[in-house]
Amino acid sequence: MGFQWNIIGHEEQLRQLERDFAQDNYAHAYLFVGENQLGKTTIARQLAVNLQAGLGGLDTVEVLGRKEILKISEIRAVIDRAQMTAQAPFKIFIIQNIERMNRESANAFLKTLEEPPERTVFIMTATSLSQVLPTVVSRTRVLNFFPVKEMATEEFGAGKPGRARGSLEGYKEALEQAGVMKRGGLVERFKLVEKLAENKEGAVMFLEVLLFLVRKQLLEGDGEAD
């Protein structure tokens with residue numbers, strides 16, 4: 001099973017997920033733990049796409065973290081949907097901020113977590129493991145997420161791909177342009193300047209990337225001055 005990710009960083013966690021499913025050793029319930037805007041929900045959604053063989057989220061259900069309390073009615077709706085026949089290879093349930101679940105909701109959910117329907121995967125997120133009821137934690141496989149320190153997100157989103165993911169393609173293009181400015185010939189550089197002059201947003205991204213690379217080079221003592 002070849003997975004495709006459009007994710008900056010979190011390589012270790014992504015490899016773990018790939019191994020789990022490649023070896024048919026996956027958990028029926030995952031708990032992604034880490035502060036807000038790290039990209040936990042984005043990864044959950046992309047995992048769903050990978051597992052559902054490109055069927056466009058046909059069997060993906062999301063419970064978003066917009067309310068203070070995760071009500072028992074919402075959990076019962078999830079349980080009912082989990083019992084329905086799947087159209088895709090997997091049924092995926094993404095539940096944000098599982099720490100919003102009170103004991104009543106948790107008790108209603110525990111049996112389904114213990115005995116999930118076949119080919120069903122629950123992916124839950126939380127900002128802190130200590131805030132999630134232990135009875136829920138004990139029935140999940142926990143993956144911890146941390147701010148990404150790679151160059152790709154350090155400048156664009158303070159290490160938080162959830163904030164930066166919308167800039168991914170622009171970042172890649174700007175990185176290539178920075179390489180042209182550094183190593184390209186005079187003609188290539190002039191063409192690049194002309195292109196950037198016609199695209200204000202692209203020019204801003206290019207300058208941010210270039211500034212970051214120069215600052216990084218100085219801090220690391222690279223020694224290259226061109």
Side-chain angles (χ1 to χ4, degrees), residues 1 3 5 7 9-52 57 59-84 86 88-148 160-162:
M1 181 182 294
F3 282 16
W5 303 100
I7 296 291
H10 302 309
E11 288 87 357
E12 181 179 343
Q13 291 85 349
L14 300 184
R15 283 195 296 268
Q16 178 64 57
L17 291 169
E18 290 181 16
R19 284 195 300 268
D20 287 355
F21 287 92
Q23 298 170 5
D24 201 28
N25 184 37
Y26 63 91
H28 287 284
Y30 284 91
L31 180 56
F32 292 178
V33 181
E35 62 184 88
N36 289 328
Q37 296 186 319
L38 291 182
K40 302 187 298 295
T41 300
T42 300
I43 291 172
R45 289 168 177 160
Q46 293 200 15
L47 177 61
V49 171
N50 281 310
L51 293 178
Q52 292 186 340
D59 274 317
T60 297
V61 175
E62 292 191 17
V63 180
L64 301 178
R66 293 173 178 162
K67 301 176 182 177
E68 292 183 3
I69 298 176
L70 189 54
K71 296 180 180 180
I72 190 170
S73 59
E74 295 178 275
I75 292 300
R76 284 176 175 161
V78 167
I79 294 170
D80 290 343
R81 182 67 182 271
Q83 304 301 323
M84 296 173 63
F90 285 88
K91 285 183 289 185
I92 310 294
F93 294 86
I94 301 170
I95 306 176
Q96 285 185 334
N97 302 334
I98 200 71
E99 60 265 44
R100 298 177 299 126
M101 184 182 291
N102 57 26
R103 291 193 179 278
E104 183 183 26
S105 300
N107 289 335
F109 196 34
L110 289 180
K111 184 173 177 59
T112 302
L113 285 180
E114 291 172 348
E115 301 175 8
E118 187 177 1
R119 311 291 281 183
T120 298
V121 178
F122 296 97
I123 310 171
M124 299 168 282
T125 72
T127 55
S128 172
L129 195 62
S130 64
Q131 296 178 14
V132 182
L133 292 171
T135 51
V136 174
V137 175
S138 65
R139 291 163 175 80
T140 67
R141 185 173 298 173
V142 177
L143 283 183
N144 291 297
F145 289 80
F146 307 95
V148 178
K160 298 181 178 181

Worksheet item: Would a distance-only check, ignoring hydrogens and angles, find a side-chain to backbone donor-acceptor pair under 3.5 Å from Lys40 to Glu35?
Response: yes

Worksheet item: Hey, are Glu99 and Ser128 close enough side-chain-wise for a donor-acceptor pair under 3.5 Å?
Response: no

Worksheet item: Are any side-chain N or O atoms of Gln131 and backbone N or O atoms of Ala126, one a donor and one an acceptor, separated by less than 3.5 Å?
Response: no

Item to complete: Quick one: pull up CD in Gln37 and OG1 in Thr127 and give me the separation to the nearest 0.5 Å.
Response: 12.5 Å

Item to complete: Show the numbers, then the answer: is there a side-chain contact (heavy atoms from CB on, under 4.5 Å) between Leu17 and Ile43?
Response: CA-CA 10 Å; Leu17 291 169; Ile43 291 172; 4.1 Å; yes

Worksheet item: Is the side chain of Lys91 donor-acceptor paired with the backbone N or O of Ala82 at a distance under 3.5 Å, no angle test?
Response: yes

Discussion item. Nearest 0.5 Å, please: how far is OG in Ser138 from CG in Leu110?
Written reply: 7.5 Å

Fill in: Pair Gln16-Asp20, side-chain donor/acceptor within less than 3.5 Å
yes

Worksheet item: Which atom names give the shortest non-hydrogen contact between Asn144 and Gln13, and what distance separates them?
Response: O-NE2, 2.7 Å

Discussion item. I need the Tyr30 OH to Thr140 OG1 distance, nearest 0.5 Å.
Written reply: 10.5 Å

Item to complete: Please indicate whether Gln83 has more than 12 foreign heavy atoms, meaning atoms of other residues, nucleotides or ligands, lying under 6.0 Å from its CD.
Response: yes

Worksheet item: Does Leu70 offer a backbone N or O that forms a donor-acceptor pair with the side chain of Ser105 under 3.5 Å?
Response: yes

Worksheet item: Judged by atom type as modelled, is there a donor-acceptor pair below 3.5 Å linking the side chain of Gln96 to the main-chain atoms of Thr41?
Response: no

Discussion item. Can you confirm whether Leu129 is buried at CG, in the sense that more than 12 heavy atoms of other residues, nucleotides or ligands lie under 6.0 Å from that atom?
Written reply: yes

Discussion item. Closer than 3.5 angstrom, by distance alone: can the side chain of Glu68 be matched with the main-chain N or O of Arg100 as a donor-acceptor pair?
Written reply: no

Worksheet item: Just by modelled atom types, is the Asn97 backbone N or O under 3.5 Å from a matching donor or acceptor in the Thr125 side chain?
Response: yes

Practice prompt. Supply the atom-to-atom distance Asn102 CG to Lys71 NZ, rounded to the nearest 0.5 angstrom.
Written response: 11.0 Å

Fill in: Trp5 and His10, any side-chain heavy atoms less than 4.5 Å apart
no

Item to complete: For residues Thr60 and Arg45, determine if any side-chain heavy atom of one lies less than 4.5 Å from a side-chain heavy atom of the other.
Response: no

Discussion item. If I compare all heavy atoms of Arg141 with all of Asn25, which pair ends up nearest, and what's the gap?
Written reply: NH1-O, 2.8 Å

Worksheet item: Between Phe122 and Phe109, what is the ring plane arrangement, given parallel below 30°, perpendicular above 60°, and tilted in between?
Response: perpendicular

Practice prompt. Could you go through the side-chain contact (heavy atoms from CB on, under 4.5 Å) check for Met124 and Val137 one step at a time?
Written response: CA-CA 10 Å; Met124 299 168 282; Val137 175; over 6 Å; no

Worksheet item: Just wondering, are more than 12 heavy atoms of other shown residues or ligands nearer than 6.0 Å to CD in Glu12?
Response: no

Practice prompt. For Asn50 and Phe3, indicate whether the former's side chain and the latter's backbone hold a donor-acceptor pair under 3.5 Å.
Written response: no

Fill in: Heavy-atom closest pair, residues His28 and Arg119
CE1-N, 4.4 Å

Worksheet, complete the sentence: To the nearest 0.5 Å, atom CG of Asn107 lies from atom CD1 of Ile72 at 8.0 Å

Worksheet item: What heavy-atom pair brings Ile79 and Ala108 nearest, and what distance separates the two atoms?
Response: CD1-O, 3.1 Å

Worksheet item: Phe90 and Tyr26: aromatic ring centres closer than 6.0 Å?
Response: yes

Worksheet item: Could you give the distance from CG (Leu47) to CD1 (Ile123), rounded to the nearest 0.5 Å?
Response: 4.5 Å

Practice prompt. Find out whether Phe93 and Thr120 are in side-chain contact, i.e. whether some heavy atom of one side chain is under 4.5 Å from a heavy atom of the other.
Written response: yes

